[in-house]
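Step one of this worksheet: look at the structure below.
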Amino acid sequence: MSYKEVLDGSRITISISESEKMAGLGLSSAHLIDAMCETARHMLALGATITYGGDLRAHGFTRILYELVSRYRKDSNDQKSTASIVSFLAWPIFRNSDLNKLLELSEELEGTAEIKIISENGTILSLAEAVCEVSSPQYNWSSALTTMRTLMTDDSCARIVLGGKTDKFLGSMPGVAEEALLSLQSQKPLYLLGGFGGCSREILDLMDIDNPFGKSAPTWANADEFRKYRFDAFHNGLTDEENTALAITPHIDQAIILIIRGLMNLKYNLPLN
């Protein structure tokens, strides 16, 4: 049966990684995983395709998204199967992955999820194309990650950000921060959830957004890039009051309602009250 959901054709990026400081908020990685799954589930139910940039560890966020979408598989308008998850892999991540396992995973996910490799020169490759790509034995992690995140931003309609580690990162700044900054710079809709702590909360602190839990003093590389932004740069269909609620709520149900409200306001060009 062919049908069209309200977000059919939309690509929504989820930017997430574990935070080192969640315990201080009474949270664990299980809370973050649950928040991601609920967010992704609602976006999938509305017809969106989820895009995500990360590695393929056995119990990582990417694998969890794959398991989720296998239960919420959808059909496209022309009745052909369509990928509901698109996973972007930077070249160094691809080069450090087990090729046989990648090929097995790609075959297993055919029609449900898609793996896209970002080559050294910034070309988007299928897994089959990447296997045949000739490359130098060395690569720059920071540059490769920035290239992947830039292409992923260009490919998406909006970005949802939550959690995020703030140390031991390989890029020019924490991954969640760089992805949020790219959305701001490209004026793509951005939804920042600060109630789960981590880099997302620190970005909001840098923007001088209300924080009932006490403001942080981020020291990670290039943190000051965010100080010039306020809610009007989010372009997400929400009022300042609604963005403040999204920034502080620890309740994922409330956050999802706000995200959907913003997306619907944008889709139908509804005025903000």
Side-chain angles (χ1 to χ4, degrees), residues 6-7 10-17 19 32 35-36 38-40 42-43 46 48-53 149-164 166 173-213 215-216 218 220 222-273:
V6 68
L7 290 182
S10 299
R11 294 196 176 215
I12 309 295
T13 299
I14 295 181
S15 297
I16 182 174
S17 69
S19 164
L32 196 60
M36 179 197 69
E38 282 301 293
T39 302
H42 280 81
M43 296 300 105
L46 291 172
T49 294
I50 300 297
T51 65
Y52 176 77
R149 290 165 181 156
T150 300
L151 289 173
M152 189 166 59
T153 301
D154 293 342
D155 184 69
S156 71
C157 299
R159 171 173 273 120
I160 301 167
V161 180
L162 62 160
T166 56
M173 63 174 67
V176 160
E178 185 169 33
E179 292 180 9
L181 184 61
L182 286 166
S183 287
L184 290 168
Q185 291 172 339
S186 62
Q187 299 186 6
K188 293 286 184 79
L190 176 66
Y191 299 90
L192 263 174
L193 285 65
F196 297 87
C199 191
S200 302
R201 181 63 258 175
E202 294 194 359
I203 292 170
L204 289 158
D205 287 344
L206 289 162
M207 295 178 176
D208 202 28
I209 306 304
D210 291 342
N211 184 356
F213 307 108
K215 288 196 174 182
S216 59
W220 35 267
N222 299 304
D224 286 346
E225 290 282 338
F226 290 95
R227 295 191 186 278
K228 61 186 176 184
Y229 293 104
R230 294 295 183 271
F231 283 146
D232 61 350
F234 284 23
H235 301 289
N236 65 6
L238 297 178
T239 64
D240 286 0
E241 182 180 2
E242 289 167 336
N243 270 310
T244 298
L246 187 63
I248 65 177
T249 182
H251 304 295
I252 191 58
D253 289 346
Q254 181 184 8
I256 290 169
I257 289 171
L258 288 166
I259 292 167
I260 293 174
R261 181 183 301 169
L263 289 169
M264 294 303 97
N265 286 342
L266 292 174
K267 181 176 179 64
Y268 298 111
N269 296 313
L270 298 177
L272 303 183
N273 295 324

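Atom set for the values below is all heavy atoms of this structure, side chains included, hydrogens, waters and symmetry mates excluded. Quick caveat: nothing in here was measured; it's all calculated off a predicted structure.
- Remark: Phe196 pairs with no residue by the ring-ring contact (aromatic ring centres under 6.0 Å, His included) rule, at least two apart or across chains.
- Every residue two or more places apart in sequence or in another chain that forms a ring-ring contact (aromatic ring centres under 6.0 Å, His included) with Phe231 is listed here: Phe234.
- Checking side-chain atoms of Asn236 against main-chain N and O of Leu190 turns up a donor-acceptor pair under 3.5 Å.
- Evaluation of the salt bridge (charged side-chain N to carboxylate O under 4.0 Å, His left out) rule for Glu38 yields Arg41 as partners, not counting sequence neighbours.
- Applying the side-chain contact (heavy atoms from CB on, under 4.5 Å) test to Thr13 and every residue at least two apart in sequence or in another chain returns Ser15, Thr51, Met152, Ser156, Arg159.
- Applying the salt bridge (Lys or Arg N to Asp or Glu O under 4.0 Å) rule to pairs touching residues 194-203 yields Lys21-Glu202, Arg201-Asp205, sequence neighbours excluded.
- A donor-acceptor contact shorter than 3.5 Å links the side chain of Tyr191 to the backbone of Leu263.
- Annotation: the span from Leu204 atom CG to Asn211 atom CG amounts to 8.0 Å, rounded to 0.5 Å.
- By the side-chain contact (heavy atoms from CB on, under 4.5 Å) test, Ile260 is found to be paired with His42, Met43, Leu46, Ile256, Met264, residues two or more places apart in sequence or in another chain being considered.
- Within 6.0 Å of CD on Glu241 lie no more than 12 heavy atoms contributed by other residues, nucleotides or ligands.
- For His235, the side-chain contact (heavy atoms from CB on, under 4.5 Å) partners are Gln187, not counting sequence neighbours.
- Residues passing the salt bridge (charged side-chain N to carboxylate O under 4.0 Å, His left out) test with Asp224, sequence neighbours excluded: Arg227.
- Looking at Phe226 and Leu184, their side chains come closer than 4.5 Å, going by heavy atoms from C-beta outward.
- Considering every non-hydrogen atom in both Pro174 and Trp220, the closest pair reads CD-CE3, 3.4 Å.
- Across every non-hydrogen atom of Ile203 and Ala180, the tightest pair is CD1-CB, 4.0 Å.
- Residues passing the side chain to side chain donor-acceptor pair (under 3.5 Å) test with Asp155 are Arg11, sequence neighbours excluded.
- In this structure, the side chain to side chain donor-acceptor pair (under 3.5 Å) partners of Asp208, at least two apart in sequence or on a different chain, are Lys215.
- Heavy atoms only, all atoms of each residue included: Ala35 and Leu162 are closest at CB-CD1, 3.8 Å.
- Ser200 is not listed as a side-chain neighbour of Leu193, based on a closest heavy-atom distance of 4.5 Å or more.
- The CG atom of Leu182 lies 10.0 Å from the NZ atom of Lys188; values are rounded to the nearest 0.5 Å.
- For the pair Leu266 and Pro189, the tightest heavy-atom approach, listed with the atom from each and the gap, is CD1-CG, 3.6 Å.
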Check residues 244-253 and write down every donor-acceptor pair under 3.5 Å in which the side-chain atom is one partner and the other belongs to a residue at least two apart or another chain.
residue, atom, partner, partner atom, Å
Thr244, OG1, Asp240, O, 2.9
Thr249, OG1, His251, N, 3.0
Thr249, OG1, Gln254, OE1, 2.7

